[in-house]
K.L.:
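This is the structure I have questions about; it appears just below.
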Amino acid sequence: MAQTPVKAYNDGLVVVCRETLKQSSFAARIDTAAEEDLEELYTLCFAEQSRRGQDVDYANQMGYRLDRKISTRRPPGLKIDTQCAAKIGAMLYHVSDVDITETEIYYSLTEVRELA
């Protein structure tokens, strides 16, 4: 009987977070510039995925730039959507699209900025 191979998530760590809503004195939203502006939800090991031509075309049609594509295991109870951010190293990414399967989550990421 053939066993299915176990997928390795050994390309690094991603911190899935939500931006804390800060506003200026005239109610304009302030962009996230430092780690203090983020509420950490989960830290997960990830696997880097290739950006296929159809992924880039889909991103263009949906109005976002696809800078990076990663996958993680799907932990129970994880609530992730396009309102989340992802931090890999010192770089902050916007989660532009999420594809959730029974065992994995695929993230389409758009680079935002390097955090202070």
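Values below: all heavy atoms of this structure, side chains included; hydrogens, waters and symmetry mates excluded.
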K.L.:
Hey, are the side chains of K69 and Y107 touching, using non-hydrogen atoms and a 4.5 Å cut-off?
P.N.:
no

K.L.:
Rounded to the nearest 0.5 Å, what separation is found between the CG atom of L92 and the CG atom of L115?
P.N.:
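One gets 5.0 Å once the value is rounded to the nearest 0.5 Å.
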
K.L.:
For residues D81 and R18, report the shortest heavy-atom separation together with the two atoms involved.
P.N.:
OD1-NH1, 3.1 Å

K.L.:
Hydrophobic clustering (ILVMFWY, side-chain heavy atoms < 4.5 Å, transitive) - are V98 and Y58 grouped together?
P.N.:
no

K.L.:
Which value, rounded to the nearest 0.5 Å, describes the distance between L109 atom CG and D97 atom CG?
P.N.:
10.0 Å

K.L.:
Is the shortest side-chain heavy-atom distance between T43 and V14 below 4.5 Å?
P.N.:
no

K.L.:
What closest approach, in Å, do R51 and D67 show between heavy atoms, and which atom pair accounts for it?
P.N.:
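Heavy atoms only, the tightest pair is NH1-O, 3.4 Å.
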
K.L.:
Applying side chain to side chain contact (heavy atoms under 4.5 Å, CB included) between V16 and each of V95, T72, I105, I80, report the one that passes.
P.N.:
I80

K.L.:
I need the C45 SG to Y9 OH distance, nearest 0.5 Å.
P.N.:
10.5 Å

K.L.:
Just how far is it from atom OH of Y106 to atom CZ of F46, taken to the nearest 0.5 Å?
P.N.:
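Between Y106 OH and F46 CZ, I get 14.5 Å after rounding to 0.5 Å.
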
K.L.:
How about I70 and R68: do any of their side-chain heavy atoms sit closer than 4.5 Å?
P.N.:
yes

K.L.:
Can you tell if the side chain of K79 reaches within under 4.5 Å of the side chain of Y42, non-hydrogen atoms only?
P.N.:
no

K.L.:
Could you measure the distance from the CD atom of E19 to the CD atom of Q83? Nearest 0.5 Å is fine.
P.N.:
9.0 Å

K.L.:
Restricting to non-hydrogen atoms, name the atom on E48 and the atom on D11 that form the minimum distance, rounded to 0.1 Å.
P.N.:
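Taking E48 first and D11 second, the nearest heavy atoms are N-OD2, 2.6 Å.
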
K.L.:
Nearest 0.5 Å, please: how far is CZ in R74 from OG1 in T103?
P.N.:
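Output value for this atom pair is 9.0 Å.
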
K.L.:
When hydrophobic residues are tied together by side-chain contacts of less than 4.5 Å, even through go-betweens, does Y93 share a cluster with I100?
P.N.:
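Both belong to a single hydrophobic cluster.
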
K.L.:
Is it the case that the side chain of R65 and the backbone of N60 share a donor-acceptor pair, with hydrogens and angles ignored and the cut-off at 3.5 Å?
P.N.:
no

K.L.:
So which atom in L41 and which in C84 form the shortest heavy-atom distance, rounded to 0.1 Å?
P.N.:
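Smallest interatomic distance, heavy atoms only, reads CD1-SG, 4.3 Å.
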
K.L.:
If every non-hydrogen atom of A47 is compared with every non-hydrogen atom of A8, which pair is closest and at what distance?
P.N.:
CB-O, 3.7 Å

K.L.:
Looking at side-chain heavy atoms only, is the closest gap between S96 and T82 below 4.5 Å?
P.N.:
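No, side chains not in contact.
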
K.L.:
Looking at K7 and S71, what are the two nearest heavy atoms and their distance?
P.N.:
NZ-OG, 3.3 Å

K.L.:
Answer yes or no: is there a donor N or O on one side and an acceptor on the other, between the side chain of R113 and the main chain of M91, under 3.5 Å?
P.N.:
no

